[in-house]
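Keep in mind the model is a prediction, meaning the values are calculated, not measured.
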Amino acid sequence: MFYYISGKLVLTEANAAVIDNQGIAYRLTISGSTHAKLSSKIGGDAKLFTYLNVREDGLDLFGFYTQEELNAFRLLISVSGVGPKAAMSVLSQMSPEKFAVAVGMGDTKAISRAPGVGAKTAARIILELKDKIAKQLSQEEAAQGFSGDDFLPAKSNVEEAVNALLVLGYTRGEAASVLKGMDPAMPLEEMITAALKKLVK
């Protein structure tokens, strides 16, 4: 229904932001990561990518500072037993890049640090997202000679970065293109951040 909402940032709360768009004030639930990025923008212009959650007793509008965070949120709520509240908890605990790395490396401890997300839920998140991405690879990229087995395990920071970008919704071709020529010894998070900057240009 909404792709993004832009306008004047009226106020922020611990888990919410209010954006005035042509006289209509939209209240969006946000993560801690998005809150930190909006804190200096009150009174100025802001844009949040959105997800509308439809419930029997109402509607909830969620806002995300980047499309990568929205992609990570969509992946999280696709996992059985993970609702919007738990997804926002995970994204408040870690950036989309760190979340992607945690899924790719099978790091249940990092994900379970999010309040309300236990070790079993973290393990389910990793299991279901790895399977989902492997399925996407087998369907969309078989023509390029890849299969689901190409996703894990990774043998280098470059392959880990490819895996992380796949988690965030990019194709293997896009990931390989932006990572080409990068120093393989570059720290993983720096490599992912540099790749994302190229992708959003």
Discussion item. Go through it in stages, so that I can follow the logic: the residues are Asp107 and Lys109, the test is salt bridge (charged side-chain N to carboxylate O under 4.0 Å, His left out), and I'd like the CA-CA distance, side-chain angles, deciding distance and then a yes or no.
Written reply: CA-CA 6 Å; Asp107 189 351; Lys109 288 185 179 180; over 6 Å; no

Worksheet item: Should Arg27 and Glu13 count as side-chain neighbours, where that means a heavy-atom distance under 4.5 Å?
Response: yes

Discussion item. I'd like to know whether the aromatic ring centres of Phe73 and Phe64 sit less than 6.0 Å apart in this structure.
Written reply: yes

Worksheet entry | Where Ala87 and Ile77 come nearest, the two heavy atoms and their spacing | CB-CG2, 3.8 Å

Discussion item. Looking at Ser80, is its backbone amide N or carbonyl O close enough to the side chain of Glu128 to form a donor-acceptor pair, meaning the two atoms are under 3.5 Å apart?
Written reply: yes

Fill in: Hydrophobic cluster identity match, Leu127 and Ile111, side-chain contacts under 4.5 Å
no

Worksheet item: Same cluster for Val90 and Val79 if Ile/Leu/Val/Met/Phe/Trp/Tyr side chains link at under 4.5 Å?
Response: yes

Worksheet item: Just wondering, do Leu75 and Val167 contact through their side chains at under 4.5 Å, heavy atoms?
Response: yes

Worksheet item: How long is the span from the CZ atom in Phe49 to the CD atom in Gln67, to the nearest 0.5 Å?
Response: 4.5 Å

Worksheet item: Is it true that a side-chain atom of His35 and a backbone atom of Ala16 form a donor plus acceptor pair closer than 3.5 Å?
Response: no

Worksheet item: Taking a hydrophobic cluster as the set of Ile, Leu, Val, Met, Phe, Trp and Tyr residues connected by side-chain heavy atoms closer than 4.5 Å, whether directly or through intermediates, do Val18 and Leu52 fall within one such cluster?
Response: no

Practice prompt. Return yes if some donor-acceptor pair links the side-chain N/O of Lys41 with the main-chain N/O of Ala46 below 3.5 Å, else return no.
Written response: no

Discussion item. Restricting to non-hydrogen atoms, name the atom on Ser89 and the atom on Pro115 that form the minimum distance, rounded to 0.1 Å.
Written reply: OG-O, 2.6 Å

Practice prompt. Output yes when a side-chain donor or acceptor of Ser112 lies under 3.5 Å from a complementary backbone atom of Ala122, and no otherwise.
Written response: no

Item to complete: State, with a plain yes or no, whether a side-chain heavy atom of Glu69 is found less than 4.5 Å away from one of Thr34.
Response: yes

Worksheet item: When rounded to the nearest 0.5 angstrom, what is the spacing between OG1 in Thr108 and CD1 in Ile125?
Response: 10.5 Å

Practice prompt. Please assess Lys8 against Asp45 for the test salt bridge (charged side-chain N to carboxylate O under 4.0 Å, His left out), listing each intermediate value before the final yes or no.
Written response: CA-CA 5 Å; Lys8 181 180 178 181; Asp45 292 334; over 6 Å; no

Worksheet item: Where do Glu190 and Lys197 land on the salt bridge (charged side-chain N to carboxylate O under 4.0 Å, His left out) test, with the steps shown first?
Response: CA-CA 11 Å; Glu190 289 183 19; Lys197 286 180 180 179; over 6 Å; no

Worksheet entry | Any donor-acceptor pair under 3.5 Å from Ser92 side chain to Gly32 backbone | yes

Worksheet entry | Leu165 versus Ala175, closest heavy-atom pair with distance | CD1-CB, 3.6 Å

Item to complete: Mind listing the closest non-hydrogen atom pair of Leu91 and Ser33 along with its distance?
Response: O-OG, 2.9 Å

Discussion item. Let me confirm one number: the CD-CG distance from Glu174 to Leu166, rounded to the nearest 0.5 Å.
Written reply: 9.5 Å

Worksheet item: Measuring from Met182:CE to Ile192:CD1, what's the distance to the nearest 0.5 Å?
Response: 10.0 Å

Item to complete: For side-chain contact (heavy atoms from CB on, under 4.5 Å), just list the numbers for Phe99 and Leu76, CA-CA rounded to whole Å, side-chain angles, deciding distance to a tenth of an Å, and then say yes or no.
Response: CA-CA 10 Å; Phe99 169 68; Leu76 278 161; 3.7 Å; yes

Practice prompt. Can you see which heavy atom on Val158 is nearest to which on Pro184, and at what distance?
Written response: CG2-CA, 4.2 Å

Discussion item. I'd like to know whether Leu38 forms a side-chain contact (heavy atoms from CB on, under 4.5 Å) with Leu48, so could you lay out the CA-CA distance, the side-chain angles of the two residues, the decisive distance to 0.1 Å, and finally the verdict.
Written reply: CA-CA 10 Å; Leu38 290 175; Leu48 293 178; 4.1 Å; yes

Discussion item. For Glu189, is there any backbone N or O sitting under 3.5 Å from a side-chain donor or acceptor partner on Thr193?
Written reply: yes

Practice prompt. Can you measure from CD1 (Ile19) to OH (Tyr4) and round to the nearest 0.5 angstrom?
Written response: 11.5 Å

Practice prompt. Kindly say whether Leu168 contributes a backbone atom to a donor-acceptor pair with the side chain of Asn71 at under 3.5 angstrom?
Written response: yes

Worksheet entry | Considering all heavy atoms, the nearest Ile42-Val10 contact | CG2-O, 3.7 Å

Practice prompt. Just do the side-chain contact (heavy atoms from CB on, under 4.5 Å) check on Met186 and Asn157 with the steps written out, would you?
Written response: CA-CA 8 Å; Met186 184 187 296; Asn157 276 2; over 6 Å; no

Worksheet item: Are Val117 and Val82 close enough that some pair of their side-chain heavy atoms sits under 4.5 Å apart?
Response: no

Practice prompt. Evaluate the ring planes of Tyr51 and Phe62, with Trp represented by its six-membered ring, and classify them as parallel (under 30°), tilted (30 to 60°) or perpendicular (over 60°).
Written response: tilted

Worksheet item: Do Glu97 and Leu196 pass the side-chain contact (heavy atoms from CB on, under 4.5 Å) test, and can you show the C-alpha distance, the side-chain angles, and the key distance before you say yes or no?
Response: CA-CA 9 Å; Glu97 295 92 335; Leu196 286 172; 3.2 Å; yes

Practice prompt. Rounded to the nearest 0.5 Å, what's the gap from CD on Glu68 to CG on Leu70? Could you check?
Written response: 9.5 Å

